[in-house]
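Contents: one structure, followed by commentary.
What's counted below: heavy atoms across the whole structure, side chains too, no hydrogens, waters or symmetry copies. Remember, predicted model here, so these are calculated numbers, not experimental data.
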Amino acid sequence: MTGTRERIVTAGAELLRRNGYTGTGVKQIVEAAKAPFGSLYHFFPGGKEQLGEEVIRTSGMMYLALFDIFFADEPDLIHGIEACFASAAETLRATDYADACPIATVALEVASTNEKLRVATADVFTAWIDAGTEKLGKYDLEPAAARQLTIALVNSLEGAFVLSRSLRNTEALDVAGISTVALARTLLP
């Protein structure tokens with residue numbers, strides 16, 4: 001069983017992913033974590049903002065592992081990209097369009113209003129771009145091309161999450177995957 005702090009972070013991640021930062025209250029988080037209310041402030045004396053930052057950074061590193069899942073052992077870049085977008089579409093369908101990316105959800109809400117959370121989301125996106133550039137570079141892409149493709153992949157995936165959740169279908173993810181594959185084909189040597 002995980003400790004109280006980990007349960008709070010996990011519950012916070014799920015609720016922020018589904019409801020956003022402003023749509024999630026600390027009472028909801030501790031209830032979902034099955035934790036005493038005071039424990040949130042024990043572990044996160046900075047309250048919701050400190051917890052939000054921890055959730056962003058922790059979730060961001062968990063999502064970073066997806067580069068390993070989709071690209072580490074995949075000998076073919078195109079199949080890795082297709083698998084990434086197909087998996088995202090399946091997750092949305094399986095969760096009735098509730099589970100997308102908590103980083104983008106929070107970034108859209110707070111980038112202009114909360115510098116601490118903006119920096120946390122920027123750090124996560126930077127880590128994703130750096131890791132993706134490294135992983136995609138193994139497919140004989142020049143570093144600049146690997147970086148360009150990684151940014152396009154993240155942009156396409158995050159934007160498609162927004163459209164798919166709103167439209168309640170995965171057409172945007174399908175189109176984003178096709179577009180990212182097309183870009184990859186132009187960048188491959």
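- Distance alone, capped at 3.5 Å, is enough to place a donor-acceptor pair between the K48 side chain and the Y21 backbone.
- In this structure, the side chain of S87 does not engage the main chain of A83 through any donor-acceptor pair within 3.5 Å.
- A continuous path of hydrophobic side-chain contacts links Y97 to F85 [ILVMFWY only; heavy atoms under 4.5 Å].
- Here the side chains of L183 and Q148 are in contact, with some heavy-atom distance below 4.5 Å.
- Across all their heavy atoms, P143 and T133 have their closest contact at O-CG2, 3.8 Å.
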Take V110 and T113 through the side-chain contact (heavy atoms from CB on, under 4.5 Å) test and state the conclusion after the steps. CA-CA 5 Å; V110 303; T113 59; 4.0 Å; yes
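- Under the 4.5 Å side-chain heavy-atom criterion for grouping Ile, Leu, Val, Met, Phe, Trp and Tyr, Y63 is connected to F67 within one hydrophobic cluster.
- The closest side-chain heavy-atom distance from R93 to N169 is not below 4.5 Å.
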Should L51 and V26 be marked as a side-chain contact (heavy atoms from CB on, under 4.5 Å) after you check the CA-CA gap, both sets of side-chain angles, and the distance that decides it? CA-CA 9 Å; L51 172 60; V26 292; 5.6 Å; no
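- For the pair R165 (side chain) and A98 (backbone), a donor-acceptor distance under 3.5 Å is present.
- A donor-acceptor contact shorter than 3.5 Å links the side chain of R7 to the backbone of K34.
- Taking both residues in full, the closest heavy atoms of L117 and G52 are given as CD2-C, 3.8 Å, listed atom of the first, atom of the second, then distance.
- In this structure, T4 and A35 approach most closely via the heavy-atom pair CG2-CB, 3.7 Å.
- A donor-acceptor contact shorter than 3.5 Å links the side chain of Y139 to the backbone of F71.
- Here the shortest heavy-atom pairing between M61 and A127 reads CE-CB, 3.8 Å.
- Under a hydrophobic clustering in which Ile, Leu, Val, Met, Phe, Trp and Tyr are joined whenever their side-chain heavy atoms come within less than 4.5 Å, directly or via other members, L136 and I151 fall into different clusters.
- Within a 6.0 Å sphere centred on CD of E171, heavy atoms belonging to other residues, nucleotides or ligands number 12 at most.
- L167 and L92 are assigned to two separate hydrophobic clusters, defined by single-linkage of ILVMFWY side chains at heavy-atom distances under 4.5 Å.
- Inter-residue side-chain proximity for E158 and F125 is flagged as met; some heavy-atom pair is nearer than 4.5 Å.
- Considering CG of L173 and CG of L157, their distance stands at 6.5 Å, rounded to 0.5 Å.
- Rounded to the nearest 0.5 Å, atoms OG1 (T10) and CE (M62) are 7.0 Å apart.
- The hydrophobic cluster containing L77 does not contain I129, counting ILVMFWY residues as joined when their side-chain heavy atoms lie under 4.5 angstrom apart, directly or transitively.
- Residues D68 and K135 are in side-chain contact: their nearest non-hydrogen atoms beyond the backbone lie under 4.5 Å apart.
- Considering every non-hydrogen atom in both I103 and G60, the closest pair reads CD1-N, 3.8 Å.
- Annotation: the span from D99 atom CG to E14 atom CD amounts to 6.5 Å, rounded to 0.5 Å.
- The minimum heavy-atom distance between A172 and S164, with the atom names listed, is CB-OG, 3.7 Å.
- Taken to the nearest 0.5 Å, the CG atom of D174 stands 10.5 Å off from the OG atom of S179.
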Evaluate side-chain contact (heavy atoms from CB on, under 4.5 Å) for L163 paired with V175, printing each intermediate quantity in order. CA-CA 11 Å; L163 286 173; V175 171; over 6 Å; no
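- Distance alone, capped at 3.5 Å, places no donor-acceptor pair between the R5 side chain and the H42 backbone.
- To the nearest 0.5 angstrom, D76 atom CG is 9.0 Å from I81 atom CD1.
- Note that CZ of R18 is 9.0 Å distant from CG of D96, once rounded to the nearest 0.5 Å.
- Remark: the T24 side chain and the Q28 side chain contain no N/O donor-acceptor pair separated by less than 3.5 Å.
- Under the 3.5 Å distance criterion, the side-chain polar atoms of S166 are left unmatched by any main-chain donor or acceptor of V162.
- Under the 3.5 Å distance criterion, the side-chain polar atoms of W128 are left unmatched by any main-chain donor or acceptor of T150.
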side-chain contact (heavy atoms from CB on, under 4.5 Å) between T105 and F161: does it pass, once the steps are laid out? CA-CA 9 Å; T105 301; F161 275 140; over 6 Å; no
